[in-house]
Amino acid sequence: MASGDYETHEHDVIVIGAGGAGLRAAIEAAAQGVSVGLVCKSLLGKAHTVMAEGGIAAALGNVWPEDNWQVHFRDTMRGGKMVNNWRMAQLHAQEAPERVLELERWGALFDRTKDGRILQRDFGGHRYARLAHVGDRTGLEMIRTLQYHGIHQGIDVYMECKIERLLRDGDRVVGGFGYWRNTGKFVLFKAKAVVLATGGVGKAWKVTSNSWEYTGDGQSLALWAGADLIDMEFVQFHPTGMVWPPSVRGILVTEGVRGDGGTLRNKSGARFMFNYIPEFFKGETADNEAEADRWYEDKKNNRRTPDLLPRDEVARAINTEVKAGRGSPHGGAFLDICTRRPADYIRKRLPSMYHQFKELADVDITKEPMEVGPTCHYIMGGVRVDADTTAATVKGLFAAGEVAGGMHGSNRLGGNSLSDLLVFGRRAGLYAALYAKDFGGQHTVDSGQVESIARTMLEPFSRSGGENPYAIQADLQDIMQELVGIIRTEAELKEAAKKIEALKQRAAKARAEGGRAYNPSWHTALDLSSLLTVAECCTLAAIERTESRGGHTREDHPYTDDTWGKINVVIRQKQGALQLAREPLPEMPAELRTLFQERT
Amino acid sequence: MPTVAMQVFRGDGGGGEFKSYRVDFDEGMVVLDVIHRLQATQARDLACRWNCKAGKCGSCSAEINGKPRLMCMTRMNLFTPGETISVAPIRTFPLIRDLVTDVSYNYEKAKQIPPLRLKPPETDGTYRMMQEDIDRIQEFHKCIECFLCQDVCHVIRDHEELKKSFAGPRFFIKLAGLDMHPLDTRDRSEFVKGQAGVGLCNITKCCTEVCPEHIHITDNGIIPLKERMADGFDPIVWLLRKFRGQRKA
Ligand SMILES: Cc1cc2nc3c(=O)[nH]c(=O)nc-3n(C[C@H](O)[C@H](O)[C@H](O)COP(=O)(O)OP(=O)(O)OC[C@H]3O[C@@H](n4cnc5c(N)ncnc54)[C@H](O)[C@@H]3O)c2cc1C
Ligand code: SF4
Ligand code: SF4
Ligand code: FES
């Protein structure tokens, strides 16, 4: 049991994470001719990306020729309430179309327009129908395409292997240390450059669309290795998760339902979203049902339905309706597509939603409305990166995908994640490879550093009478759900911070039962350190930002404050303690600023 | 709270047995929820795979009361009250621990498949594809790689010696999908007959029966693939089929 032995693998570039971002990064790095290792916690092809439903946002202009990168850029910035890293948002809007077309050349089959081009669908916050999609299983198409392209590029894949810590040599990151889930044996990866593509943090909340994998590993690995995190207060609660039966609470209902004509209603059947149009979006949002319904067909002469306001707005609206006693029987809102679109159309456009409700909730969505409510879905914040190169603030470390911060500001638009993965995944692979090629001299891994990590990792086995790691995780989920949810106050956030502190003490006593081979109690005990770290970061950043914006709503500071509109909350670790700082956002150049002066 | 009697396979490559548990369960639960509750309360080291909990990732394959299924899509109300429910790992692949098996066979097969070879673009530099030309292939692309079809296929299950020269139903639809892909120009007939061993399939349709995505693996995938092998490889017929063949219903 006490065996600290480990095997060693060496590559120029190690990519941690095999979702859309990690796969795209690995493919690009391999194309640069360097040796690449791709490491993931689950089997290949099972990352979160596989679950994405609605589509990939890219201004291809196939359905609306008026669309272009400037409009997409503008929608993205406005959706993020202007605190996005403007350069990331620009690169993203400019490069997304080519990245989607590239997927097609690698075999992806998107749904088609009548003239044989990629069809695009409406989604919240996007001015034009912009999401390339395959029914409601776009992520599956994307990950399979990347996976089957990737396996022929000479990449070494290490599946079901978890990286527990990054390793440093002086001021640079030179690899990672972790274990094989199957055997519990340790493994060391030496690399000149490391790309983090580990996804999000949603497992810290009780009601979530996220899987066991989303324990904030990448954010924590970066923080512990000395890198900055930004925007950790901005957490996206997707307005439409399933609410009934209890065991499926949180499972996602794609925004595509509303994109394809579905509408939200309260218990008396009223389309309540018309009562929640904020000043900021008044100019571009329909204020009556007739106009909203015409908009689906005629976008030139009508304004967008408020059902498709950005997610933060819709989630808050549902929350308010439920609190006011106007919700559905199980504490959500009704999402109705059955009275608005024919059954055939629904089954063709939303087959997996049809299947999901039928199988899991005994609801036929072509005949009955769905019951939906907010679910923790995505984190906008993450590792602070350079927009062009994705370099983190520690040498040798790069980050792309959900683990990186900045691109989405305070709120992400639907469809903008899958495109983000492709655009910045590619850039991460490219710049990590270039960095590795330029890497001069030796990189050594200090065996003392490795042995001490290994010892710590084995501790859960030797604690007698310790705590149940699953119980600690569940308690954390309750705390975050209750106190760091959609609507926040300083008092509750401070209480959460205190409780997280207490959980850290308990986590230090978490005990694993059984042996090292495929032992989820050990895995859960180890995951607690990253999960608690990101929970603490979110809470502290949420205390710091005394305003409301996007995925951060403070009941005690209900307004958006222009001063905060120029500031990122930055978190870094110094001598083992978290430090918060307010730092200025990069300033948008004048020629881009003019894009925001035209009609809203 | 009602409880349910469960028989869960516990063990590893060295052997194992079914263990009995009684677990509380709530309305709407699926088998995976019960397994998770078991983990959190009685059997902390019980090994299982899962990710999406919504039938989208294909991680949670198991044999439930002897039937290959996804644990996350098997509702508890499917069973008669009082019935004991058994959960075992999929049988065809070597056991790692408890409900987790070594499915690397499938990843090795995946790697052998000759990838898409892209045709040149239209004169305007783009590619055009008509929806009706890709409907059939989109059906194959629904595959979540749960490997339940591989699990029930007797060629893989009962014939260790044939495994080397047989790709299995999951990869037959992958091959059929590439073959019908409007942008692909590669001839894979040697591979389909040889390394993939489509001839070993005797169309028992067990694979189709268990597919949680309801893909018509045999009728729409394997049979057309076999027919093409029987035709022999005539490049003209092949091209015609590529651009028209998949439209026949
Ligand atoms: C249900 C659902 C539907 C969605 N629909 C859409 C949509 O329609 N459009 C859209 O744009 N976005 C959508 N999203 C969001 C989007 O899918 C995710 O943000 C995105 O897929 C994240 O991709 P990624 O590459 O960053 O990470 P992931 O795909 O999550 O991959 C993370 C990878 O990192 C690995 N990993 C993590 N930690 C470690 C570690 N410590 N060691 C080793 N490996 C590790 C994991 O195993 C995994 O391979 C959806 C999300 C969900 C949950
Ligand atoms: S039809 Fe063929 S591939 Fe499918 S299970 Fe039977 S033998 Fe195997
Ligand atoms: S074809 Fe069906 S049964 Fe086979 S792996 Fe794919 S989804 Fe599973
Ligand atoms: S957990 Fe994804 S299919 Fe069951």
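Just so it is clear: chains get the letters A, B, ... in the order the sequence lines come, proteins before strands, and each one is counted from 1.
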Give the minimum heavy-atom separation between [X] and [Y], together with the two atoms involved.
X      : Y      : value
B:L46  : A:P520 : O-CG, 2.9 Å
A:D111 : B:Q138 : OD1-NE2, 2.9 Å
B:D33  : A:S247 : OD2-CB, 3.0 Å
B:R75  : A:D362 : NH2-OD2, 3.1 Å
A:G107 : B:H141 : O-CE1, 3.8 Å
A:Q356 : B:A54  : OE1-CB, 4.3 Å

[X] side chain near [Y] side chain, heavy-atom distance below 4.5 Å:
X      : Y      : value
A:R112 : B:E132 : no
A:N468 : B:T41  : no
B:L116 : A:W106 : no

Quick one: [atom1] on [X] to [atom2] on [Y], what's the gap to the nearest 0.5 Å?
X      : Y      : atom1 : atom2 : answer
A:L60  : B:T126 : CG    : OG1   : 11.0 Å
A:R137 : B:K142 : CZ    : NZ    : 7.5 Å
A:L43  : B:R49  : CG    : CZ    : 4.5 Å
A:L109 : B:M180 : CG    : CE    : 12.0 Å
A:I143 : B:E145 : CD1   : CD    : 10.0 Å
B:L95  : A:Y518 : CG    : OH    : 12.0 Å

Check each atom of [X] against the heavy atoms of chain A and say whether the ones under 4.5 Å are side chain, backbone, both or neither.
X      : value
B:D12  : neither
B:L32  : neither
B:D135 : side chain
B:I113 : backbone
B:H36  : neither

* Asked: With respect to chain A, which residue among B:P115, B:P121, B:S104, B:C52 yields the maximal number of heavy-atom pairs within a distance under 4.5 Å?
  ->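 Top option by heavy-atom pairs under 4.5 Å: B:P115.
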* Asked: Quick one: of A:N210, A:V50, A:N519, who has the most non-hydrogen atom pairs under 4.5 Å with chain B?
  ->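 Result: the option with the highest number of such pairs is A:N519.
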* Looking at A:H523, A:R181, A:M242, A:E160, which makes the most heavy-atom pairs under 4.5 Å with chain B? ->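 Among the listed options, the one with the most contacts to chain B is A:E160.
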* To do: Taking atom types as modelled, find out whether B:Q131 and A:K114 have a side-chain donor-acceptor pair closer than 3.5 angstrom.
  =>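 No - no donor-acceptor pair under 3.5 Å links their side chains.
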* Asked: Quick one: what part of A:K41 sits under 4.5 Å from any heavy atom of chain B, side chain, backbone, both or neither?
  ->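 A:K41 has no heavy atom closer than 4.5 Å to chain B.
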* Checking A:L119 against chain B: side chain, backbone, both or neither under 4.5 Å from a heavy atom? ->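 Interface part for A:L119: neither.
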So, does [X] use its side chain to make a donor-acceptor pair with the main chain of [Y] at under 3.5 Å?
X      : Y      : result
B:R97  : A:A517 : yes
A:R105 : B:L118 : no
B:R44  : A:A512 : no
A:W212 : B:N51  : no
A:R144 : B:I144 : yes

* Taking it one step at a time, do B:Q39 and A:T524 satisfy side chain to side chain contact (heavy atoms under 4.5 Å, CB included)? -> CA-CA 11 Å; B:Q39 240 180 14; A:T524 304; over 6 Å; no
* Run the side chain to side chain contact (heavy atoms under 4.5 Å, CB included) check on B:K56 and A:E53 step by step: do they pass? -> CA-CA 10 Å; B:K56 296 190 168 88; A:E53 296 164 357; 3.0 Å; yes
* A:Y148 ring centre to B:K174 NZ or CZ under 6.0 Å, with the angle to the axis within 45°? ->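 The answer is yes; both the distance and angle limits are met.
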* B:Y107 six-ring face occupied by A:K46 cation (under 6.0 Å, within 45°) ->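 No, cation not above the ring by the 6.0 Å, 45° rule.
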* To do: Give me the contact list for residues 17-28 of chain B versus chain A, heavy atoms only, anything under 4.5 Å, ordered by residue number.
  =>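 Near chain A, by residue number: B:E27, B:G28.
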* Determine, stepwise, if the pair A:S521 / B:D45 fulfils side chain to side chain donor-acceptor pair (under 3.5 Å). => CA-CA 5 Å; A:S521 72; B:D45 64 339; over 6 Å; no
* Begin with the C-alpha distance, continue with both residues' side-chain angles, and end with the deciding distance and a verdict on side chain to side chain contact (heavy atoms under 4.5 Å, CB included) for A:N182 and B:D102. => CA-CA 9 Å; A:N182 284 358; B:D102 174 2; 5.9 Å; no
* Flag if over 12 foreign heavy atoms under 6.0 Å of NE2, A:H330 ->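 More than 12 heavy atoms, drawn from other residues, nucleotides or ligands, come within 6.0 Å of this atom.
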